[in-house]
Amino acid sequence: MSFPGVLDIDWNVMAPAVSLLITAIVALVFGLSARDSRGPAAVALIGVLTAGIFAVAHLFSGNESAASFGLRYLGDVPATALTLVILLGTAMAILVSWDQLERGGMGQPEYYPLMLLSALGAVVMASAGDLITLILGLEIMSLPAYALSAWRTRDRQSEEAGMKYFLLGAFGSAMLIYGTALLYGASGSFVYGAVAAALQGGNLTLLATAGGALVLAGLGFKAALAPFHQWAPDVYTGAPTVVVTFMSVVIKVGAFAALLRIAATVFPALQPWLLTALAVIVALTLVVGNFTALMQRGLKRMLAYSSVAHAGYLGLALLAANHGGVAAAAFYLSVYALMNAGAFAVLTLVTDASDHGDDLERFAGLGRTRPGLAAAMAVFMLSLGGIPLLGGFTGKVLVFQATIDAGHVWLAVLGIATSVVALFYYFRVIAYMYFRESSHAPHTFRSTPARVAIAVALVGTVLLGILPGWWHTLLSVGPRFLAGY
Amino acid sequence: MTAVLTILVPLVTAALVLLLRNSVLLARLAAMAGAVATLVLAVLLPGSRPFSAEWLPGLGVSFSVDGNGAASVLVFAVTLMMIPALLVALTRVEKGAAGFAALLLAAEAGLAGIFMARDLIVFYVFWEATLVPGLLLLGLYGGEKRREATTKYLVYAVTGSFFMLVSILALKTLSGAASFDVIDLMLVTPDLPVVTQTWLFIGLALGMAVKLPIWPLHSWLIDLNEQNHPSGAADVLGSLYKVGAFGFFAWGIPLLPAGASRVGPVLLALAAVTALYGAFGAIGSTHLKRFLAYGSLSHMGIIGVGIFGMHLAGLNGAMYFLAAQMVSTGGLFLVGGMLYHRRRTFDLREYGGVARSAPALAALGLLTIFAFIGVPGLSNFPGEFMSLLGAFKNAPWPAAVATLAVIAAGVYGVNLYQRVFQGPSDVPVKDLDGLEMYVLLPVVVGVLWFGVMAAPQLRRIEAQSQLTALQLERVAAPPMPGETLTLGGAE
């Protein structure tokens, strides 16, 4: 098997990543002289939109087998579509941060450049066709995210969040790198397709499977799959909500984009116990995420555990990667980005400048005091819970159908059973907003950019629920994965 | 297109009513115009052309709706009862009447979708989405214990229907059907092994039994009705949203006839118990709404007996009874709302002698009660009679038990009239005003229409029941290879 030269660069494939990189540099320089953080925010938004235009142009160009660096950086449909989702999540995070940074006294100029770099890392992970590119992407994504989690300086919780995230993240990176080394040792290659091809009929599969397990664990940290999820609730609680808006969407998409590709290409060549282990991990994630979320009184922590639970549903798609799971997961991630970022955006408007005051009582009576905000939140909660005619339902149906097609009926049953629990805690938010009167005066913050973000999330969530066909069809076309075959 | 419009018009009207909520007059006009237009569309449903468009092609889901068959009768009853419900909601709800009306209209669209869906996923979408307006009506406008009632309702409904979803998804994969379209599914799913069918049917039954509802999955219904808004408008929706029987009739039994035959006897026994349990519950109730909830539960038990008797006449009767009870039960809840409006209580012990000061209310109340308990010539009789008749042919014992409920209905029905309308009267009340006459007019028309004009509607139901009966026969005697092809033409 021969691969094209390393230095063949298709700029159409690279354009979104390059735009993000250039914008990050421009925003950094511009930020040094800017009066407040809104200027850099505008620059960052323009950069993200530019990257988005490039990604859309490439997605509709029909060139599904485009790649750079000899299949090490891919531009196939899943890569480009998930790049778009990452960009969407980033844009919403920028809009949500727009007024909140100044309100919370967090307007240091490096915020947006770091966010763009982190998004760049996620894009690289989604496009990675080999393990080295993946590691590079992971580090580019993670390092800025550690700094962003500790963004609220002189706040012990935020600093603790940053530190915890850094330590556990470093642990995850180390596992990923070690696993990569083992896979390379067993196969002599880094490119996913070549790894899988080399392992066919070889006798080093135990070594490679151990490597695969470590890669799974390393990415499992970023994706917040149980039992590697334990950083998530503390980091989500401690980090500024605007940062969590970004992290809960972009980092999850990046991690799952990488996991999906590896699960579809490398894992089938490994020993089957790895998939059994993955099934156990997914089951554990579903149970732990949903039941712990049920216990929470604070909305931020509830959403943190709910994002663990959603990692479980996405994990179901990983197990069915070759039974339509890729398109299902990509669809699920698209909706998840919208509804989750939307929910966090609402949260930033209801909580205090210090991000405190996120307990459910704060939402009591919101349906009367802020009807628009409450209606949006209700839609996000129903969608997260998987109620039909909203995107979350379509995502769940696609994922469960893929799971059943792949023969994991019991996992699908478990997924459904835990969904009942999930609906219960999501609906509790609605019950507080509408069925109770507020005990104290509504204390809410108004921000037009955040409202735009909420509107985008709302339209997207409803649109993907009412007319899901076009996006799912788009995600299903072309070769399933380039992956270096 | 008529079928699609029957769903779209109330939905658009709901949005319009919300937009116009600041102007009482415009909101009322929009809501009533939308409801009347939907009723007209529903009347035009028989003979309308089915509609189908791609929805989620990757999964084999298309937006397919068809307003013929049992759907035409059920949607007519729904749209007919929406008119009095909306009239009451718009005039008797003090705060947020426009929101109330919008939720009712949204639920109307959802119900029309449930009955007309010809694609299993689309059916599930409407089934589940219709829960939301009902929940919000209870939570936003309900009584003191509404939060507990909402939680109970949510837990029962969602637990059941999520298991139904697993069955639905597994149904296509396991049978290898080309799509979720009803015909595609029906051609292959009866050939699944009996054990598989049984498990899949149990999954579907969990969702449908909750919304039938049958004992012991019924308790949400009683609390729902007790805690709903006292005007009775939300309870009309409650009486319309008991769609479980339709689910068994249109999907559960025809798709999985062998599974249905295995599990059916258990459900039949439970339904017979439900009929009797509901009747005794009604006799023992002193709260008017709980009384009606139990009485209606008893009806649902008889409908269940008709369905699980798995005989053509019983299937026809059950669907007809389902439509007819929407009118009589909904109407009685509205009468209850009018009584509450006068006396501010649902405690039956406080009532008495209403007929002295309000003879018109008493007369129409008596008519509705007679319809409710199945007096011949009124709405519930034909369906109730046929449900039991069909069940007697295949399962005489459960049918005999359920028939006791009919006798009990006579007792509690007459008892209700006595307790409320007759006897000495301490508190004189106002008689029906003009608005209330208009509210009860559709009820009276419906009660008489369903009582007298049964034949044409039963014919339309039978077109669909025969398909269900055919699927059941197919299990009893496996057909020759060529025979299955005629199934598509039977529609």
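What's counted below: heavy atoms across the whole structure, side chains too, no hydrogens, waters or symmetry copies. Numbers restart at 1 for each chain; the letters A, B, ... are given by sequence-line order, proteins then strands.
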Peer 1: Between chain B and chain A, which donor-acceptor atom pairs come closer than 3.5 Å, counting both backbone and side-chain atoms?
Peer 2:
| unit_1 | atom_1 | unit_2 | atom_2 | d |
| --- | --- | --- | --- | --- |
| A/Gln401 | NE2 | B/Leu169 | O | 3.3 |
| A/Gln401 | NE2 | B/Thr173 | OG1 | 2.7 |
| A/Asp405 | OD1 | B/Thr173 | OG1 | 2.6 |
| A/Phe435 | O | B/Arg146 | NH2 | 2.8 |
| A/Phe435 | O | B/Arg147 | NH1 | 3.1 |
| A/Ile466 | O | B/Trp55 | NE1 | 2.6 |
| A/Gly469 | N | B/Trp55 | O | 3.1 |

Peer 1: Do you know which of B/Ile121, B/Ile168, B/Leu174, B/Leu169 has the most heavy-atom pairs under 4.5 Å to chain A?
Peer 2: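 Result: the option with the highest number of such pairs is B/Leu169.
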Peer 1: Give, as side chain, backbone, both or neither, the part of A/Ile466 having an atom under 4.5 angstrom from any heavy atom of chain B.
Peer 2: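 When you check distances to chain B, only backbone atoms of A/Ile466 fall under 4.5 Å.
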Peer 1: When heavy-atom pairs shorter than 4.5 Å are enumerated against chain B, which of A/Leu467, A/Val397, A/Leu390 gives the highest number?
Peer 2: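 Answer, by heavy-atom pair count under 4.5 Å with chain B: A/Val397.
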Peer 1: Answer with side chain, backbone, both or neither: which region of B/Leu154 has an atom nearer than 4.5 Å to a non-hydrogen atom of chain A?
Peer 2: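 B/Leu154 touches chain A through side-chain heavy atoms alone.
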Peer 1: Report the option among A/Ala328, A/Pro468, A/Gly469, A/Ala402 that has the most heavy-atom pairs separated by less than 4.5 Å from atoms of chain B.
Peer 2: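 Of A/Ala328, A/Pro468, A/Gly469, A/Ala402, A/Pro468 has the most heavy-atom pairs under 4.5 Å with chain B.
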Peer 1: I need the minimum non-hydrogen distance between B/Ala129 and A/Pro388, along with the two atoms involved.
Peer 2: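 Of all heavy-atom pairs spanning B/Ala129 and A/Pro388, the closest is N-CG, 4.0 Å.
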Peer 1: Do you know which of A/Val421, A/Leu398, A/Val409 has the most heavy-atom pairs under 4.5 Å to chain B?
Peer 2: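 Maximum pair count with chain B is reached by A/Leu398.
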Peer 1: Check each atom of B/Val132 against the heavy atoms of chain A and say whether the ones under 4.5 Å are side chain, backbone, both or neither.
Peer 2: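 Contact with chain A is through the side chain of B/Val132 alone.
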Peer 1: Side chains of B/Val166 and A/Phe400: does their closest heavy-atom pair fall under 4.5 Å?
Peer 2: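 When only atoms from C-beta onward are counted, A/Phe400 and B/Val166 do not touch, as no gap falls below 4.5 Å.
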Peer 1: Restricting to non-hydrogen atoms, name the atom on A/Phe435 and the atom on B/Leu135 that form the minimum distance, rounded to 0.1 Å.
Peer 2: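 For A/Phe435 and B/Leu135, the tightest heavy-atom pair comes out as CZ-O, 4.0 Å.
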Peer 1: Taking all heavy atoms of B/Phe163 and all of A/Ala417, pick out the closest pair and write down the distance.
Peer 2: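 It is CZ-CB, 4.3 Å.
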